[in-house]
**Student:** 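Before I ask anything, let me first share the structure, which is written out below as structure tokens.
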There are 2 protein chains.
Amino acid sequence: MVEAPRNTRQRRAVVAILEDLDGFASAQEIHDILKKRGESVGLSTVYRSLQVLADAAEVDALRNDDGEVLYRQCSAGHHHHLVCRSCGRTVEVEGPTVERWADKIAEENGFQDVAHTLEIFGTCNSCASARA
Amino acid sequence: MVEAPRNTRQRRAVVAILEDLDGFASAQEIHDILKKRGESVGLSTVYRSLQVLADAAEVDALRNDDGEVLYRQCSAGHHHHLVCRSCGRTVEVEGPTVERWADKIAEENGFQDVAHTLEIFGTCNSCASARA
DNA sequence: CAAGTAGTTGGGAATCATTGTCAAATGACC
DNA sequence: GGTCATTTGACAATGATTCCCAACTACTTG
Ligand SMILES: [Zn+2]
Ligand SMILES: [Zn+2]
Ligand SMILES: [Zn+2]
Ligand SMILES: [Zn+2]
């Protein structure tokens, strides 16, 4: 029997940040935001909380070009992301055609336990105009 | 004026390995293979060579689930991959529909300088039967 | 409310891929 | 062969993430 996770101040604080943010953010960024808000949480705990949330599919995780893992509270169900490289602003997108295409490709080649990653990166218009 | 890169034993050795391999491999794996073959090359040099090749689009690079960067000598032109998680065996795949879809999504949302990542991971049939 | 217990925290050490450093080695060109 | 800028390689440094473990605390029970 698996014990229920405890309802701790730290976990609540991390979830609260994720609810406020609308884009992807790294564990360290979330840690910094918590520190700024005075609701300090240990860095290890931030990492752990995000892992737990990601395992439970409560948040989505992806890697940026630098290899850092970014987290975001998304809506349920399988989807992909259009992410601003500079500010993290994110649009959730769906592509039923892509899903079918990927599965078909894998099946045709005899692959099992198939999963796929698909992310679109770019510069959002507010970041683009700020840069001009 | 940019100087032409030198033709060194080390660079040739790395390229030779990439030509032999048919799947993705990490810098460290390539370094190990070189060592086994007696054609030893410093680890830093392997990393540097792969970076140069990747910048020149001579090889493709992607990250596995663990965040390691894997390299592979691929055919020219934009394409994606169906990769065996266990042995790295790779099938190059193309999805013109996906390309258009991604660009359209980005444009509709006012994103610029758009790029996308799309990889399919699974277990190839030889690895699947070996596991049974 | 008090005590017991097991999940949780935090901060510092450890890990590990990757990058930086710089003196020594070596292609390219004469 | 001589010159010189590029390249190499051993080692240090970096940086995100994980590990460790003693102290802490959210729940349960009486
Ligand atoms: Zn932006
Ligand atoms: Zn999908
Ligand atoms: Zn395989
Ligand atoms: Zn593509």
Side-chain angles (χ1 to χ4, degrees), chain A residues 1-18 24-56 58-72 83 85 88, chain B residues 1-18 21 23-56 58-72 83 85 88:
Chain A
M1 178 75 186
V2 182
E3 299 300 327
R6 281 193 201 161
N7 178 15
T8 64
R9 171 184 72 79
Q10 291 86 341
R11 198 120 60 199
R12 264 179 278 126
V14 170
V15 170
I17 298 296
L18 289 167
F24 277 87
S26 69
Q28 314 230 22
E29 282 170 349
I30 291 168
H31 179 247
D32 288 347
I33 295 170
L34 283 164
K35 197 183 293 175
K36 272 190 203 118
R37 291 201 187 175
E39 195 149 12
S40 191
V41 175
L43 182 56
S44 305
T45 301
V46 173
Y47 272 104
R48 268 187 305 242
S49 303
L50 290 169
Q51 274 170 354
V52 168
L53 291 167
D55 288 347
E58 304 268 321
V59 301
D60 279 7
L62 60 81
R63 275 179 206 277
N64 65 11
D65 285 339
D66 299 333
E68 280 179 319
V69 180
L70 307 182
Y71 301 88
R72 177 175 187 263
V83 185
R85 265 186 288 261
Chain B
M1 178 74 184
V2 182
E3 300 297 329
R6 280 193 203 163
N7 178 14
T8 65
R9 171 183 72 79
Q10 291 86 341
R11 197 120 61 200
R12 264 178 279 125
V14 171
V15 170
I17 298 296
L18 288 167
L21 294 174
F24 277 88
S26 69
Q28 315 232 21
E29 283 169 348
I30 291 168
H31 178 248
D32 289 347
I33 295 170
L34 284 164
K35 198 181 294 174
K36 274 191 201 117
R37 291 201 188 175
E39 194 149 16
S40 191
V41 175
L43 183 56
S44 304
T45 302
V46 173
Y47 272 105
R48 268 185 304 240
S49 302
L50 290 169
Q51 274 170 353
V52 168
L53 291 167
D55 288 347
E58 305 268 323
V59 301
D60 279 8
L62 60 79
R63 276 179 204 277
N64 66 11
D65 286 340
D66 299 333
E68 279 179 317
V69 179
L70 308 181
Y71 300 89
R72 177 175 188 264
V83 185
R85 264 185 289 258

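Convention: sequence-line order gives letters A, B, ...; per-chain numbering from 1.
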**Student:** What is the distance, to the nearest angstrom, from the CZ atom on R12(A) to the C1' atom on dC27(D)?
**Tutor:**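 So the two atoms are 13 Å apart, to the nearest Å.
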**Student:** What is the distance from CG of L50(B) to P of dG9(D), rounded to the nearest Å?
**Tutor:**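 One finds 14 Å between P of dG9(D) and CG of L50(B), rounded.
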**Student:** Check every strand shown and say whether S44(B) touches a base, only sugar-phosphate, or nothing at a heavy-atom separation below 4.0 Å.
**Tutor:**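 Since a base atom lies under 4.0 Å of S44(B), the category is base.
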**Student:** What does R63(B) touch in the nucleic acid at a heavy-atom separation under 4.0 angstrom: a base, only the sugar-phosphate, or nothing?
**Tutor:** nothing
**Student:** Check the distance between dT17(D)'s C1' and I30(A)'s CD1 and give it to me in whole angstrom.
**Tutor:** 14 Å
**Student:** Is the closest side-chain donor-acceptor distance between N7(B) and R12(B) under 3.5 Å?
**Tutor:** yes
**Student:** Which residue, S26(B) or N7(B), contacts DNA chain C at a nucleotide closer to its 5' end, judged by nearest heavy atom?
**Tutor:**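 Its nearest nucleotide lies further toward 5', so the answer is S26(B).
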**Student:** Taking atom P of dA13(D) as reference, at what distance in whole Å does atom CG of L43(B) sit?
**Tutor:**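 Roughly 17 Å, once rounded to whole Å.
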**Student:** Ignoring hydrogens and geometry, is there a side-chain-to-backbone donor-acceptor pair from R63(A) to D65(B) under 3.5 Å?
**Tutor:**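 Flag set: sc R63(A) to bb D65(B) pair under 3.5 Å.
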**Student:** Does R6(B) get its side chain close enough to the base of dT6(D), under 3.5 Å, for a donor-acceptor pair?
**Tutor:**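 Between dT6(D) and R6(B), which were checked side chain against base, a qualifying N/O pair under 3.5 Å is present.
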**Student:** What's the angle between the local helix axes at either end of the helix from dC1(C)-dG30(D) to dC30(C)-dG1(D), using five pairs per end and rounding to 10 degrees?
**Tutor:**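 Answer for the end axes of this duplex: 30°.
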**Student:** To the nearest Å, how far apart are Q51(A) CD and dG7(C) C1'?
**Tutor:**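 Atom CD in Q51(A) sits about 16 Å away from atom C1' in dG7(C).
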**Student:** If you measure from CD1 on I33(B) to CG on L21(B), what distance do you get to the nearest 0.5 Å?
**Tutor:** 4.5 Å
**Student:** Whether the side chain of R48(A) and the base of dG7(C) hold a donor-acceptor pair under 3.5 Å is what I'd like checked.
**Tutor:** no
**Student:** Atom CD of E68(A) to atom C1' of dT18(C): distance rounded to whole Å?
**Tutor:** 14 Å
**Student:** Counting only side-chain N and O atoms of Q28(B), is one of them less than 4.0 Å from OP1 or OP2 of dC16(C)?
**Tutor:** no
**Student:** Measure the CG-CD distance between L70(B) and E29(B) for me, rounded to the nearest 0.5 Å.
**Tutor:** 7.0 Å
**Student:** Can you find a donor-acceptor N/O pair under 3.5 angstrom joining the side chain of R11(B) to the base of dT7(D)?
**Tutor:** no
**Student:** Contact class for D66(A) vs. all strands (heavy atom < 4.0 Å): base, sugar-phosphate, or nothing?
**Tutor:** nothing
**Student:** Rounded to the nearest 0.5 Å, how far does OG of S49(B) lie from CD1 of I17(B)?
**Tutor:** 11.5 Å
**Student:** Rounded to whole angstroms, how far apart are CG on D55(A) and P on dT18(D)?
**Tutor:** 10 Å
**Student:** Any side-chain N or O of Q10(A) below 4.0 angstrom from OP1/OP2 of dT8(C)?
**Tutor:**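 So the side-chain polar atoms of Q10(A) never come under 4.0 Å of the phosphate oxygens OP1 or OP2 of dT8(C).
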**Student:** When you measure from the side chain of N64(B) to the backbone of D66(B), do you find a donor-acceptor pair of N or O atoms at a distance under 3.5 Å?
**Tutor:**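 Checking the backbone N and O of D66(B) against the side chain of N64(B), a donor-acceptor pair under 3.5 Å is found.
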**Student:** Suppose we screen for salt bridge (Lys or Arg N to Asp or Glu O under 4.0 Å). Which residues come up paired with R37(B), at least two apart in sequence or across chains?
**Tutor:**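 Checked R37(B) against salt bridge (Lys or Arg N to Asp or Glu O under 4.0 Å); matches are D20(B).
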**Student:** Across the strands shown, which category fits R9(B) at heavy-atom distances under 4.0 angstrom: base, sugar-phosphate, nothing?
**Tutor:**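 Sugar-phosphate: the residue R9(B), judged by heavy atoms under 4.0 Å, touches backbone atoms but no base.
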**Student:** Hey, is the side chain of T8(A) poking within less than 4.0 Å of OP1 or OP2 on dT25(D), counting only N and O atoms?
**Tutor:** no
**Student:** Whole angstroms only, please: what is the CG-C1' distance between D65(A) and dT19(C)?
**Tutor:** 17 Å
**Student:** Would you say Y47(A) places a side-chain N or O within less than 4.0 Å of OP1 or OP2 belonging to dT17(D)?
**Tutor:**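 For dT17(D), OP1 or OP2 has a side-chain N or O of Y47(A) closer than 4.0 Å.
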**Student:** Which value, rounded to the nearest 0.5 Å, describes the distance between H31(B) atom NE2 and L50(B) atom CG?
**Tutor:** 11.5 Å
**Student:** Is the distance from OP1 or OP2 of dT8(C) to the nearest side-chain N or O of T45(A) less than 4.0 Å?
**Tutor:**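 No, because none of the side-chain N or O atoms of T45(A) sits under 4.0 Å from OP1 or OP2 of dT8(C).
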